[in-house]
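Okay, structure first, notes after.
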Amino acid sequence: MSDHNAFWADDIADEVESRDPDDPVVIKGGVSPSGVPHLGHFNEIMRGYFVAAVLRERGHEVRQVFTSDDRDALRGVPRRLADSDWNLVGLGEVDAGALGRNLGTPYTDIPDPFGESDSYGAHFTDLLARSAEAVGVPVEMVSNTALYESGEFEAVTREVLAKADRARELLATYQDGVGEDYVPFMPQCSECGRLTQDVRGVDLDDGTVDYVCSGLDAGGDHIEGCGHEGTATFREGKLPWRFEWPAQWRVLGVDFEPFGKDHAEGSWPSGQEIARQVFDTEPPVPMTYEWFTLDGEPLSSSAGNVVTVDEVLALLEPAVLRYFFVRNPQRAKDFDTERIDLLVDEFDRFERVYFGEETDADLKPLADRAYPFVVDEVRPERVRLPYTFAAVLGMTDDRDLRVRMARNQGFFDDDTPEWAVEEALGRVERARTWAERMDNAYNYRLQADLPETDFDADTAAALTALADFVAEGHDGETIQGQMYETAREHGVEVGDFFAAGYRLFFDDTEGPRLGEFLGELDESFVVKRLRREG
RNA sequence: GGGCCGGUAGCUCAGUCAGGUAGAGCGACGGACUCUUAAUCCGUCGGUCGGGGGUUCAACUCCCUCCCGGCCCGCCA
């Protein structure tokens, strides 16, 4: 990153431009469809998205492609999966045994455990593609398996096998355990479908390798092969990751690629050199991003600590999610589901700074630059209800009541466009979902029916008196004040009196600012409820 | 052991690249609203910028060193 711009994507774009690339500029990301795609995987898409957006704004034609590295072998069975509707399920709910028998087999050759897609790989690739769509990021999905099968990878495969000695020496400087017999190709066994590392001979003219199906190492474990001895073409197998990655750069003409910090010191340095010395191609502009944590813990598909984009979008708008990726990629960010309100408020502030509705000299340059890429459309008339206020509105299902309450607080007026009201109400739904999932201080539900109660005589009398007061017609603030008066007049502790009110309306001991909340409700309903008549 | 990236207020983070007297939001605390009851407004408190050394008139910023955390060096985004 040469220059210093307010927005990191401009630094990258500068560097891409300095190489004077041919149009279209190609931006790539990629993951193995190993399991439930989660928020962390979205780095691969969102980092590219912003760079693509900046480059397009500068007049370039840009392709944002995403490789599903779906010829990778299943190395372990994840603890949790997701069906095509994003329902997270444990292993017990699918045929786990079938998955276990497919260890060592490419994802595209494993049946979809849900029986819906063509394969395990296709299933999870599809989920990721739909996530990108939901966030409004158009990416071209490219199947790695398809690249092999169609022959698009055949030339690079031949190239690396022709230079096998150099490839081996090169890799050995980056990794231990690369021995004399190392061959940079993993054929797929024609009998059992597993990949194997055991290549016995290479025929460059025929484009084939002879192998023994003796399995492959996965972490500390070894996945057994079936022992079959056979011959595979260059299309029937795959390059090891360290070679496959630079091969993708070459075949797809990649100009920029972001990657996680796990690759920063491993695959990237070797990949650069392999690209230049084996594939005779210049590696893309790189960018390392830090990993997110989820509620302070590492995201992990295998451990099941994941939050999917689908889940995130149930809690906040796509624009807020995009904003999450605007911040410094070099720093580890925590996605704190307990405090979604803070993230959303931060976005709202970012937006106000952009529109000049709030002053923040530090934030202003970033807001000016990045905000238009975060929203679908720059619209000054939009209405953003503070997230926790939206959660308060979510205590009732009554749409009119929600609108009235927001109006009374000055968020809507006669000039508010209908679309702005709709979007604001959309946040109410999300905040409601949040309150329920977190079961937090906003998870109160206005009770349609009279809850079970057990009040002493004084409290009952005080409630009846308050009912009479409400029946006279007062606004919320006045009712709030009167509650203190009424409690004292009847010798009831103020706290106990509020608790009684919360019991009646929310069937709980706590809740929102009660008097003002009641002031928004239908008067006859409030009076009846205070009299415990229904 | 070696390497990369981080370590700034209780929390989340800007600021470090071009050295010039520490910033924001949230929280906490206090106050206002005839009112202890989570939506509003005002105010206050709050940091030896991980520790130490060096360069400089001047260091959060540059150099060295140490500590802590994550990651990589095991064909795993």
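Quick caveat, the model's predicted, so the values are computed rather than measured. All heavy atoms count here, side chains included; hydrogens, waters and symmetry mates do not. Chain naming here is simple, since letters A, B, ... match the order of the sequence lines and numbering starts at 1 in each.
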Which residue lies more 5' along RNA chain B, comparing A:V392 with A:D334 via nearest heavy atoms: A:D334
Would you kindly give the [atom1]-to-[atom2] distance between [X] and [N], to the nearest whole Å?
X      : N      : atom1 : atom2 : answer
A:H222 : B:rC75 : NE2   : P     : 13 Å
A:F517 : B:rA38 : CZ    : C1'   : 13 Å
A:L216 : B:rC76 : CG    : P     : 11 Å
A:N328 : B:rU16 : CG    : P     : 10 Å
A:D10  : B:rC17 : CG    : C1'   : 15 Å
A:D360 : B:rC13 : CG    : C1'   : 12 Å
A:L385 : B:rU40 : CG    : P     : 12 Å
A:D341 : B:rC11 : CG    : C1'   : 13 Å

Cationic N near anionic O, under 4.0 Å, A:R349 to A:D360: yes
Options B:rC75, B:rU16, B:rU34, nucleotide nearest the side-chain atoms of A:Q197: B:rC75
Residue A:Y502, side-chain atoms from C-beta onward, closest of B:rA14, B:rC76, B:rA38: B:rA38
Would you mind pulling out the nucleotide paired to [N], Watson-Crick or G-U wobble, both distances under 3.5 Å?
N      : value
B:rG43 : B:rC29
B:rG19 : none
B:rU55 : none
B:rC49 : none
B:rG69 : B:rC5
B:rG74 : none

Presence of A:W241 side-chain N/O under 4.0 Å of B:rA77 phosphate oxygens OP1/OP2: yes
B:rA14 phosphate, OP1 or OP2, under 4.0 Å from A:K333 side-chain N/O: yes
By ring pair (Phe, Tyr, Trp, His ring centres under 6.0 Å) - contacts of A:H474 (at least two apart): A:F469
Quote, to the nearest angstrom, the [atom1] distance that separates [N] from [M].
N      : M      : atom1 : value
B:rA24 : B:rC45 : P     : 12 Å
B:rG10 : B:rC5  : C1'   : 26 Å
B:rA32 : B:rA18 : C1'   : 47 Å
B:rG47 : B:rA28 : C1'   : 16 Å
B:rC26 : B:rC41 : P     : 9 Å
B:rC63 : B:rU16 : P     : 15 Å
B:rC57 : B:rC64 : C1'   : 22 Å
B:rA58 : B:rG20 : C1'   : 7 Å

For A:I45, the option from A:V31, A:V309, A:L128 that meets side chain to side chain contact (heavy atoms under 4.5 Å, CB included): A:L128
Partners passing side chain to side chain donor-acceptor pair (under 3.5 Å) against A:R331 (at least two apart in sequence or in another chain): none
Side chains of A:R339 and A:M438 in contact at under 4.5 Å (non-hydrogen atoms): no
Side chains of A:F124 and A:L127 in contact at under 4.5 Å (non-hydrogen atoms): yes
Please tabulate, one pair per line, each protein N/O and nucleotide N/O from nucleotides 67-73 of chain B that are separated by under 3.5 Å, including the distance.
residue : atom : partner : partner atom : Å
B:rG70  : O2'  : A:K261  : NZ           : 2.2
B:rC71  : O2'  : A:K261  : O            : 3.2
B:rC72  : O2'  : A:E265  : O            : 3.0
B:rC72  : O2'  : A:G266  : N            : 3.2
B:rC73  : O3'  : A:Y174  : O            : 3.3

Kindly give the atom pairs (protein nitrogen or oxygen, nucleotide nitrogen or oxygen) under 3.5 Å for nucleotides 25-33 of chain B.
none

Donor-acceptor contact below 3.5 Å, side chain A:E44 vs main chain A:H41: no
Polar side-chain atom of A:E358 near backbone of A:V353 as donor-acceptor pair, under 3.5 Å: no
Base, sugar-phosphate, or nothing for [X], non-hydrogen atoms under 4.0 angstrom?
X      : result
A:V178 : nothing
A:P512 : sugar-phosphate
A:G40  : base

Any donor-acceptor N/O pair under 3.5 Å between B:rU16 base and A:R331 side chain: yes
Between A:F506 and A:F517, ring centroids under 6.0 Å: yes
Separation of A:D126 CG from A:S68 OG (nearest 0.5 Å): 10.5 Å
Contacts of type side-chain contact (heavy atoms from CB on, under 4.5 Å), residue A:E224, not counting sequence neighbours: A:H222
Partner residues of A:T433 under the side-chain contact (heavy atoms from CB on, under 4.5 Å) criterion, sequence neighbours left out: A:A314, A:L315, A:R437
